[in-house]
Structures are given as structure tokens and as C-alpha cells.
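Quick notes on the structure that follows.
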Amino acid sequence: MSSTPLPGIGIRYDLTTRENRRLSVIAHRDGDRTLSAYRKEDPDECALSTTLTAGEAEALVGVLMPSHHSPNLLSTTELGLVAERIELSSTSYWNGRVLGETRMRTETGASIVAVLRRAEAIPSPTPDFRLAGGDELIVIGTREGVDTAAAILGRA
């Protein structure tokens with residue numbers, strides 16, 4: 001990926017795909033985006049060019065990189081369940097409190113199935129397990145349940 005400033009217009013981003021196709025996006029200063037694809041046989045000849053509003057560009061990003069493909073996502077199933085790592089911040093309200101106080105399963109339907117602390121893994125933590133800042137919690141549930149769990153755990 002390379003970028004080229006376009007004075008008065010915005011920035012052009014160029015990418016050559018694995019199939020040796022050139023794509024470019026011009027990020028206009030007003031938020032619009034111009035997406036262009038070039039011919040494989042002649043990478044200087046534009047085969048397609050379309051301008052997207054900021055909302056359309058955001059929708060396209062959502063299709064290309066759906067939120068359920070986050071770096072914390074461990075797995076997903078056809079049953080609609082996801083497993084994700086959620087880090088507990090040292091400033092979290094839950095730092096130093098016991099897991100049962102979160103009422104995680106009751107409030108979200110999601111379950112904390114393990115905690116990663118430094119080099120140690122704690123499988124199936126009990127309700128009296130004391131959480132600590134820096135813990136990575138392995139949470140399993142629906143996408144909505146895991147997102148709600150992340151919001152609860154992020155509470156300061």
C-alpha cells in the first residue's frame with residue numbers, strides 16, 4: 001500500500017493485489033471516496049471508477065472487514081456463537097472484584113470460560129475468582145452478548 005498526497009483534493013492510496021491488479025482509493029477532503037480498479041493487462045488503464053459518499057464507503061468497509069473479524073476474535077460457529085478475548089483494563093471498575101459480581105451470564109448470556117493472566121491460563125473461573133487489570137478473559141456467547149460483555153468489562 002502506498003499513499004500520495006493530492007494537494008487541494010485529499011490522499012490517493014494505491015494497492016496491488018495478489019492477482020497483480022491495481023486498485024486505488026482517493027480519500028477526498030469532504031469525506032467522499034473514489035474507488036478505481038485498473039486493467040490487469042494495462043495497469044494504467046482504468047476499468048472502473050466510482051465515487052462513494054462517506055456512508056457508502058463505511059458500508060463497504062463493513063462488508064470487507066466485518067466487525068466479527070476483530071483481532072480478538074478466537075472463533076465463530078455456524079450456530080451464531082463467537083469466542084473472543086477481552087482485556088480487563090487496570091482502570092476497570094471490575095479490577096480487584098470477583099467474577100460473580102459482574103453477573104455476566106445473567107446480564108449478557110455470555111460466559112467467561114477462561115482467564116489468561118501473565119503466562120497462566122485459568123480455565124472455568126468460579127464466581128469467587130478475583131479479576132485483575134491485565135487479565136484477558138475468554139468470553140463465549142452470541143455476537144451481541146460478547147459485545148455487551150465487553151462494554152460491561154470496560155466500565156471504569
Side-chain angles (χ1 to χ4, degrees), residues 1-92 94 104-105 107-125 131-156:
M1 174 86 67
S2 66
S3 63
T4 305
L6 302 173
I9 297 171
I11 300 173
R12 186 182 75 213
Y13 298 92
D14 292 297
L15 168 76
T16 301
T17 70
R18 179 180 49 185
E19 295 177 344
N20 210 27
R21 297 289 304 259
R22 195 175 120 221
L23 303 173
S24 73
V25 174
I26 297 175
H28 297 271
R29 291 172 49 192
D30 66 1
D32 285 355
R33 303 291 187 258
T34 300
L35 172 65
S36 300
Y38 297 85
R39 298 197 182 283
K40 188 174 185 178
E41 318 77 55
D42 182 356
D44 292 327
E45 186 181 345
C46 188
L48 165 79
S49 185
T50 188
T51 300
L52 305 170
T53 65
E56 292 166 338
E58 187 175 336
L60 182 59
V61 167
V63 171
L64 294 172
M65 286 295 293
S67 62
H68 63 272
H69 284 96
S70 74
N72 293 328
L73 184 68
L74 299 173
S75 65
T76 185
T77 69
E78 292 177 11
L79 301 174
L81 296 175
V82 297
E84 192 164 303
R85 290 180 192 224
I86 299 172
E87 184 171 349
L88 189 73
S89 162
S90 60
T91 60
S92 171
W94 304 107
M104 192 62 56
R105 191 174 302 130
E107 297 295 323
T108 69
S111 297
I112 297 171
V113 297
V115 175
L116 307 176
R117 181 176 286 166
R118 295 181 196 91
E120 181 183 9
I122 300 108
S124 304
L131 298 168
D135 284 352
E136 287 192 46
L137 294 89
I138 308 301
V139 181
I140 294 181
T142 62
R143 172 80 269 151
E144 181 181 336
V146 171
D147 287 346
T148 303
I152 289 170
L153 292 166
R155 176 179 156 202

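Because the structure is predicted, anything quoted here is derived from the model rather than measured.
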Rounded distance (nearest 0.5 Å) linking atom [atom1] of [X] with atom [atom2] of [Y]:
{"X": "L35", "Y": "S24", "atom1": "CG", "atom2": "OG", "value": "7.5 Å"}
{"X": "T142", "Y": "L81", "atom1": "OG1", "atom2": "CG", "value": "7.5 Å"}
{"X": "T16", "Y": "Y38", "atom1": "OG1", "atom2": "OH", "value": "11.0 Å"}
{"X": "R29", "Y": "I11", "atom1": "CZ", "atom2": "CD1", "value": "10.5 Å"}
{"X": "L15", "Y": "R21", "atom1": "CG", "atom2": "CZ", "value": "12.0 Å"}

Subject >> Intermediate values then yes/no, side chain to side chain contact (heavy atoms under 4.5 Å, CB included), L137 and L131 >> reply: CA-CA 9 Å; L137 294 89; L131 298 168; 3.8 Å; yes

Subject >> Test side chain to side chain donor-acceptor pair (under 3.5 Å) applied to E45 and R39, R22, K40, the passing residue >> reply: R39

Check whether any side-chain heavy atom of [X] sits under 4.5 Å from a side-chain heavy atom of [Y], and report yes or no.
{"X": "E136", "Y": "I86", "result": "no"}
{"X": "R117", "Y": "I122", "result": "yes"}
{"X": "E84", "Y": "V139", "result": "no"}

Specify the closest pair of heavy atoms between [X] and [Y], including all atoms of both residues, with the distance to one decimal.
{"X": "C46", "Y": "S49", "result": "SG-CB, 3.9 Å"}
{"X": "G134", "Y": "E87", "result": "CA-OE2, 4.0 Å"}
{"X": "A54", "Y": "D32", "result": "N-OD1, 3.9 Å"}
{"X": "A132", "Y": "L88", "result": "O-CD2, 3.6 Å"}

**OP:** Given side chain to side chain contact (heavy atoms under 4.5 Å, CB included), test H28 with I9 step by step and report yes or no.
**Re:** CA-CA 6 Å; H28 297 271; I9 297 171; 3.7 Å; yes

Original post:
Residues two or more places apart in sequence or in another chain: which of them pass side-chain contact (heavy atoms from CB on, under 4.5 Å) with S90?
Top reply: N95

Subject >> By side-chain contact (heavy atoms from CB on, under 4.5 Å) - contacts of I140 (at least two apart) >> reply: A83, V113

Subject >> Steps toward side chain to side chain contact (heavy atoms under 4.5 Å, CB included) verdict (T51, R33) >> reply: CA-CA 6 Å; T51 300; R33 303 291 187 258; over 6 Å; no

Subject >> Other residues, nucleotides, ligands: >12 heavy atoms within 6.0 Å of E107 CD >> reply: yes

**OP:** Evaluate the side chain to side chain contact (heavy atoms under 4.5 Å, CB included) criterion for residues I152 and M104: first the C-alpha distance (whole Å), next the side-chain angles of each, then the deciding distance (0.1 Å), finally the verdict.
**Re:** CA-CA 8 Å; I152 289 170; M104 192 62 56; 4.0 Å; yes

